[in-house]
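Below you'll find the structure, written out as structure tokens, and then a few comments.
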Protein chains: 2
Amino acid sequence: MEPVPELACPIAPVVDLVFSRWTTPILWTLHEYGRQRFVELERRIGTITPKVLTQRLRQMERDGLVTRTYHPEVPPRVEYEISELGRSLAPIFHQLAEWSKHNLADVEKARQRYDR
Amino acid sequence: MEPVPELACPIAPVVDLVFSRWTTPILWTLHEYGRQRFVELERRIGTITPKVLTQRLRQMERDGLVTRTYHPEVPPRVEYEISELGRSLAPIFHQLAEWSKHNLADVEKARQRYDR
DNA sequence: GTTAGTAGGTACCTAGAGGAAAGTGACTAT
DNA sequence: ATAGTCACTTTCCTCTAGGTACCTACTAAC
């Protein structure tokens, strides 16, 4: 039983990448509504602040999950789109939604049982 | 384009449930090595503190992802095991590992391209 | 002249998650 | 008498993600 670092969990890197805060709502919105501008994203997600949205979009752009297109007009126009790499996560999201549909009620039941 | 709360993302609840901090290493260890005691988990994960391990295990027990069996001996013995519900996440974890295998290198390339 | 719109950037602040370290209780082994 | 085991618990502390609020440059419209 050798002491093993956290990274022994082989999915730790991808969890950090895909499931850090705000990334799934952003990815989902981009996937659902297609290419869109900063303010559209902001309004659709609703509770995110522009500062955090910028931070997350920058990181996701760096990771290759989204692409950013800047149009040097006045007022400036920037469009965000989900990349091929980002799109390749779709089956995982789908499977998560399926799991949710089938098992989230069981989680709720377990919680109520535990709280008694 | 009505303002939509964060929960418009249909997988947000399951992300909170399954991918909050330490849950995947714990679930993975339980899945890999089977039923085991508190200290075994602690040593295998390596970098987690007992306080946090207790917190996370309690929460996962409440959510029905793990089961806890207490043996009132001296010294006390407690065994943790992954539940049926927890085991039902296995395909998702598998798919994440597959995605990781095929696409994590692309992420690394995207990062290097971005940093130039 | 001033308001609105756009895509952010910057400075400051706070709450809360998580880490470090020590303690606990009941017993055993040396 | 002392040390060790186990499964935590408690206290204290730090760090940082995220929030608030304000600022930028530029133009069109009123």
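Order of the sequence lines sets the chain letters (A, B, ...), proteins ahead of strands, with each chain counted from 1.
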Q. Rounded to whole angstroms, how far apart are CD on A/Glu40 and P on C/dG5?
A. 15 Å
Q: Check the hydrophobic clustering (I, L, V, M, F, W, Y; side-chain heavy atoms under 4.5 Å; chains of links allowed) and say if B/Tyr114 and A/Met60 are grouped together.
A: no
(Q) I need the CD-P distance between A/Glu42 and C/dG5, as an integer number of Å. (A) 12 Å
Q.
Is it true that A/Arg56 and A/Gln59 share a donor-acceptor pair across their side chains at a distance under 3.5 Å?
A. yes
Q. At under 4.0 Å, does any side-chain N or O of B/Tyr80 touch on OP1 or OP2 of D/dC8?
A. yes
Q: Grab the CZ-C1' distance between A/Phe38 and C/dG5 for me, whole Å please.
A: 14 Å
Q. From the list D/dC8, C/dA7, D/dC6, which nucleotide is the closest neighbour of the side chain of A/Val78?
A. C/dA7
Q) D/dC6, C/dG19, C/dG8: which one has an atom nearest the side-chain heavy atoms of B/Thr49? A) C/dG19
Q.
Is A/Arg77 close enough to C/dG8 that one of its side-chain N or O atoms is under 4.0 Å from OP1 or OP2 there?
A. no
Q: Mind calculating the distance between CZ (B/Arg56) and P (D/dC8) to the nearest angstrom?
A: 15 Å
Q) Which residue lies toward the 5' end of DNA chain D, A/Pro76 or A/Val52, if each is placed at its nearest nucleotide? A) A/Val52
(Q) Check for me, please, whether A/Phe19 and B/Leu104 land in the same ILVMFWY cluster - side-chain distances under 4.5 Å, paths through other members count. (A) yes
Q. D/dT20 C1' sits how many Å from A/Ile48 CD1, rounded?
A. 15 Å
(Q) Using the side-chain hydrogen bond (donor to acceptor under 3.5 Å, both in side chains) definition, which of the options A/Arg68, A/Arg35, A/Gln36 pairs with A/Glu81? (A) A/Arg35
Q) Among D/dT5, D/dG18, C/dT6, which is the nearest nucleotide to the side chain of A/Val39? A) C/dT6
Q | Contact under 4.0 Å: A/Arg37 side-chain N or O vs C/dT6 OP1/OP2 | A | no
Q) In whole Å, what is the span from the CZ atom of B/Arg21 to the P atom of D/dC15? A) 15 Å
Q) Between D/dC8 and B/Arg68, is there an OP1 or OP2 to side-chain N/O distance shorter than 4.0 Å? A) yes
Q: Output yes when at least one side-chain N/O atom of A/Thr54 is less than 4.0 Å from OP1 or OP2 of C/dG8, else no.
A: no
Q | Between D/dT20 (P) and A/Leu53 (CG): distance, integer Å | A | 15 Å
Q: Quickly work out the A/Leu41 CG to C/dT6 P distance and round it to whole Å.
A: 13 Å
Q.
Using the rule side-chain contact (heavy atoms from CB on, under 4.5 Å), only one of A/Thr54, A/Thr47, A/Leu53 pairs with A/Glu42; which is it?
A. A/Leu53
(Q) Nearest heavy atom decides the nucleotide; on that basis, is B/Pro50 or B/Ser20 closer to the 5' end of DNA chain C? (A) B/Ser20
Q) Does B/Lys51 get its side chain close enough to the base of C/dG19, under 3.5 Å, for a donor-acceptor pair? A) yes
